[in-house]
Amino acid sequence: MTNALPAPASAPAPLERVPGPAPRLIAVEEAFMTPGILDAATRRAGGRPSMRSGPIAGPFMPDLLDLGATRIAGMDAAGVDVQLLAVAAPGVQHLDDDLAAPLAREANDLLAEAVRAHPDRFAGMATVPVQTPAAAADEVVRAVRELGFRGVMINSHTRDGYLDEERCWPILEAIEAMDVPLYIHPRDPAADLSGSAIPGFTVGWGYAVETGTHIVRLIQSGVLDRFPRLRIVVGHLGEGIPFLLDRMDGRYPFEATAAGAPALPRTPGEYFRDQFWVTTSGMNFPAPLRAVIDILGADKVLFAADHPFEDQREAVDEFAAIPLTADERGRIAHENAERLFRL
Ligand code: MN
């Protein structure tokens, strides 16, 4: 008897966290491809598009090219109500200047047509020719004002350059002025980071190194103080950044002083909590999702399936199996997306 375990302390019952289906499910990092971009990328790659030359060839292409009944049937089967769509990485960012702008406009027009045909099932994010910043800024304005797009998708680096560079500021200025979120999606790592593209781990590791580096550059450069109303969305539960924020906050003051880097008016964690949202693309797993909710709050997390690169049915089932409160599930499944992207 003396070995009996103590009775559990009578604590207030925790909020009930149960698996369950979402009332409405919006998936915010869903991909498509246009024949025009596919053709240009295929010619550029000498007939064989690859992960490096983009777009990723192979089994995904038929699904990527479909913006009609088959895509909607797949959404119905999976339980996805709305797909927020953008051209698959790297968009037009790997193409020559003279092709990038017209093919981006063509892609945005094509997507706008699909959204007009299925306004309750699709919404659009603009593809922009980052390599020609003035044209990209014009396309941001056109896509939001004329096509009704809800955000802008940029696939990390463009010719190894990043959005904190002054030449890109007109793009950030246009996105901020249009009051839509900027979604920074991964692509093959830039030349400086090519060592992270380890065969078999380019997506699982290299993409996070590439995109995480982009996020840190935006924070460290001070460009977010120039554009303080810019709202940035990143996939894959924040590309690892949420897990490192405490360490960054702890080490930045010392390291920045030693390195002669500028003293930022906010801590790295404050920049991330103020101006970033994360999505569950490719990361519908219970432990990291719980950690990210604890770190950022359930208001900062949005569901994504990453169709067709992930099986959207599997993503939905995984999300449904994660224990969440009804309030958390509602926010992550649709309320945050409705507010952030005005869906
Ligand atoms: Mn994706």
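Quick note: numbers below take in every heavy atom, side chains included, and nothing from hydrogens, waters or symmetry partners. Every number for a ligand or one of its atoms is a count from 1 in the order of the listing.
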* To do: Enumerate the protein N/O/S atoms at a distance below 2.8 Å from the Mn ion (ligand 1), ignoring waters.
  => E29 OE2, H185 NE2, D306 OD1
* To do: Answer yes or no: are there more than 12 heavy-atom neighbours, outside W169 itself, under 6.0 Å from its atom CH2?
  => yes
* Structure fact -> On a heavy-atom basis, the closest approach of L95 and Q131 is O-NE2, 2.9 Å
* To do: Mind listing the closest non-hydrogen atom pair of S156 and Q93 along with its distance?
  => O-NE2, 3.4 Å
* Taking the six-membered ring of F319 as reference, does the NZ or CZ atom of R329 fall below 6.0 Å from its centre and within a 45° cone about the axis? -> yes
Can you list, pair by pair, the side-chain donor-acceptor contacts under 3.5 Å of residues 241-260, counting residues two or more places apart and other chains?
| unit_1 | atom_1 | unit_2 | atom_2 | d |
| --- | --- | --- | --- | --- |
| D249 | OD1 | G269 | N | 2.7 |
| Y252 | OH | P262 | O | 2.5 |
| T257 | OG1 | P253 | O | 2.7 |

* N336 pairs by side-chain hydrogen bond (donor to acceptor under 3.5 Å, both in side chains) with which of E338, H334, R339? -> R339
